[in-house]
Amino acid sequence: MGETARRIDGKASAARIVAEVKAAAQALRSETGTQAGLAVVIVGEDPASQVYVASKAKMATECGFKSVKHVLPADTAQEDVVALVRDLNADPTIHGILVQLPLPEGIDETAVVQAIAADKDVDGFHLLNVGRLSTGARDEAFVPCTPAGSMILIREVLGDDLSGLAAVVVGRSNIVGKPMAQLLLAANATVTIAHSRTKDLAAVCRAADILVAAVGRPQMLGADFVKPGAVVIDVGINRIPAPEKGEGASRLVGDVDYAAASAIAGAITPVPGGVGPMTIALLMANTLVSAYRMSGRTPPRF
Ligand code: GUN
């Protein structure tokens, strides 16, 4: 089986966005004196989360932002996490606040996330931002970074108007599946949200001109899930054992079986190097947009 699909280079697209963010941050700073600021909060020692948070903080610095990282021990009381969030809400040098999920057991994620001021909620998880996205108030909303980044990759292949195209989103999470469906709908696609309880998932997916996989199960979507010529966006990042690389070694794979799907799809994102780098780039873009809004300036569009 040969590879025929175009490989969608998320790394290159992300680098372009980061360069735009950097330039716009510099312009804002020289014209208004405002330096965009991002605060990331992590509670506990989950190793994958540590890596993600470190790369978010580092990228913020590279963009010329003020970058603050708060690391709290796993046994921190919920009210202390909320108190930190409230301090950041009140801090005029901070334009974006991100609390890394999942939070340790015993802390109510909803209580913490909803404590973030909606106008600093660069993750787009606050109910106000969820409502803004679903009602079409895009200019006031923050859109969750992974779906926003995925949408940019889709637009690069298919353009801004998805009229007449069938989109299937596999996964119904608040972070990816649901906002992804909203974005596709706003771009005029005909949208289906499929999930673990969907009957004959492969057949549903095979009807998709645009297939977005966000299920969190390694290489679950094989060749029989892909319509010839489809645009396949693989949101999954799964670490699996790779004994061929040596004892104890591992590698990252998506929710799509890349080798199988790329023989059939028209375009497909790889893992790594697809959606992953876009997520972090869009976090920078959202933070920049927040700083522009708070300075009374019209932000750039991404
Ligand atoms: N954990 C996994 N993805 C995300 C994300 O996009 N934002 C936050 N805050 N935590 C996450």
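Every number for a ligand or one of its atoms is a count from 1 in the order of the listing.
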Hey, is ligand 1 close enough to Thr279 that some N/O pair sits below 3.5 Å? no
With a 4.0 Å cut-off on N to O distance, would you call Asp121 and Arg132 a salt bridge? no
Look only at interatomic distance and state if Leu101 has a nitrogen or oxygen under 3.5 Å from any nitrogen or oxygen of ligand 1. yes
Considering only NZ, NE, NH1 and NH2 on the basic side and carboxylate oxygens on the acidic side, decide whether Glu79 and Arg86 come within less than 4.0 Å. no
Which residue owns the protein heavy atom closest to atom 5 (C) of ligand 1, what's the atom, and how far is it? Asp123 OD1, 3.9 Å
The closest protein heavy-atom partner of atom 11 (C) of ligand 1 is Gln100 NE2, 3.5 Å
Asp255/Arg217 ion pair, N-O < 4.0 Å: no
Polar-atom distance check: Val99 versus ligand 1, any N or O pair below 3.5 Å? yes
Under a 3.5 Å threshold, yes or no: a donor from one side chain and an acceptor from the other, between Thr32 and Ser295? no
Identify whether NZ of Lys or CZ of Arg in Arg293 sits under 6.0 Å from the centre of the six-membered ring of Phe142 and within 45° of that ring's axis. yes
Is it true that Leu98 lies under 4.0 Å from ligand 1, counting heavy atoms only? yes
Judged by non-hydrogen atoms, does Tyr52 sit under 4.0 Å from ligand 1? no
Output yes when Lys58 and Glu62 qualify as a salt bridge under the 4.0 Å nitrogen-oxygen rule, no when they do not. yes
